[in-house]
Trainee: 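Before I ask anything, here is the structure I am working with.
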Amino acid sequence: MKINCKKNEQIILELGRTEAWAYLAKEGKLVQVERPASGTQAEVLGAVLANGFAIEKKAELILLGSDCFCQEVMLSAAQREGLSKKELKSVLAYEVEPFSGNAPDACVLGFAPAGNGAGLAVIELGVAEYGELVRVARGQAVELKAIMQAGAGAAS
């Protein structure tokens, strides 16, 4: 059964490792959707959108994924002072490179304040993987607005 999405629906979609949940913001409705057993994050997203949703008109999507690299980086306010958002992203990309394995120039990175105040929750995807997620979403009349680590809270 497909979920009917109203015009310009806002969808928060959590792709867990074994299940998927969608929250339809306009309707205030949370529903479980069928999730394929395997595949890349983009393949799973494509299958969930194609098989689970009947999108009337373009929808907006916030994707909560379990297959995103996420790490907290400790940077005090003094260390961040005077840095533009672009400079801060560059610093964070170099900080997480040894752990993520993604070169700073080959990744898409987002961040948000972590719970303790001094840290930043960093989420990172390879450029190719991010591009594939955007392409798959657009193919289903969905605009990918943000990607977050499921349960971590870091915005991209």
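Predicted model, so just to flag it, every value in this text is computed and none were measured.
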Trainee: If you look at every heavy atom in A22 and L13, which pair is closest and at what distance?
Mentor: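 Heavy atoms only, the tightest pair is CB-CD1, 4.0 Å.
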Trainee: Can you find a heavy atom in the side chain of L109 that is under 4.5 Å from one in the side chain of N102?
Mentor: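 Side-chain contact under 4.5 Å: no.
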Trainee: Is there a side-chain contact (heavy atoms from CB on, under 4.5 Å) between E124 and V96 once you walk through the steps?
Mentor: CA-CA 9 Å; E124 184 182 76; V96 300; 3.5 Å; yes
Trainee: For a 4.5 angstrom cut-off between non-hydrogen side-chain atoms, does L75 reach L92?
Mentor: yes
Trainee: Within the side chain of R35, is there an N or O that forms a donor-acceptor pair under 3.5 Å with the backbone of G16?
Mentor: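 Side chain of R35 to backbone of G16, a donor-acceptor pair under 3.5 Å: yes, one is there.
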Trainee: Would you compute the distance between atom CD of E9 and atom CD of E27 and round it to the nearest 0.5 angstrom?
Mentor: 5.5 Å
Trainee: Mind listing the closest non-hydrogen atom pair of V44 and P36 along with its distance?
Mentor: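 Closest pair (atom of V44, atom of P36, distance): CG1-CD, 4.1 Å.
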Trainee: Hey, does V73 have a side-chain heavy atom less than 4.5 Å from the side chain of F111?
Mentor: no
Trainee: Provide the closest heavy-atom pair for A20 versus L15 in the form atom of the first, atom of the second, distance.
Mentor: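 That closest heavy-atom pairing would be CB-CD2, 3.9 Å.
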Trainee: Quick one: do Q10 and K145 satisfy side-chain contact (heavy atoms from CB on, under 4.5 Å)? Show the steps, please.
Mentor: CA-CA 10 Å; Q10 295 173 326; K145 297 298 271 183; over 6 Å; no
Trainee: To the nearest 0.5 Å, how far apart are CG in L64 and CH2 in W21?
Mentor: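 Separation between the atoms: 13.5 Å.
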Trainee: Might you point out which heavy atoms bring A137 and L49 nearest each other, and give the distance in Å?
Mentor: CA-CD1, 4.1 Å
Trainee: Give a yes or no on this: more than 12 heavy atoms of other residues, nucleotides or ligands lie within 6.0 Å of atom NZ of K26.
Mentor: yes
Trainee: Got a second to check how far E129's CD is from Q41's CD, nearest 0.5 Å?
Mentor: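 Reported value, rounded in 0.5 Å steps: 5.5 Å.
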Trainee: Under a 4.5 Å cut-off applied to non-hydrogen side-chain atoms, are E132 and R135 in contact?
Mentor: yes
Trainee: Which distance, rounded to the nearest 0.5 Å, do you find between the CD1 of I147 and the CG of L63?
Mentor: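 Atom-to-atom, I147:CD1 and L63:CG are 5.5 Å apart.
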Trainee: Report whether L125 and Y94 are members of the same hydrophobic cluster (ILVMFWY, side-chain heavy atoms less than 4.5 Å apart, transitive linking).
Mentor: no
Trainee: Which heavy atom of L133 sits nearest a heavy atom of A42, and at what distance?
Mentor: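 Heavy atoms only, the tightest pair is CD2-CA, 3.5 Å.
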Trainee: Are any of the side-chain heavy atoms of L120 and R80 separated by less than 4.5 Å?
Mentor: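 Side chain of L120 against side chain of R80, heavy atoms only: contact under 4.5 Å found.
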Trainee: Look up atom OG in S90 and atom CG in D105, then write down how far apart they are to the nearest 0.5 Å.
Mentor: 9.5 Å
Trainee: I want to check something: taking the side chain as every heavy atom from C-beta on, are E95 and Q71 in contact at a cut-off of under 4.5 Å?
Mentor: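 No, too far: nothing below the 4.5 Å cut-off.
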Trainee: More than 12 foreign heavy atoms under 6.0 Å from CD of E143: is that the case here?
Mentor: yes
Trainee: Over all heavy atoms of both residues, which pair between E97 and A103 is shortest? Give the atoms and the distance, please.
Mentor: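 The pair with the smallest heavy-atom distance is OE2-CA, 3.8 Å.
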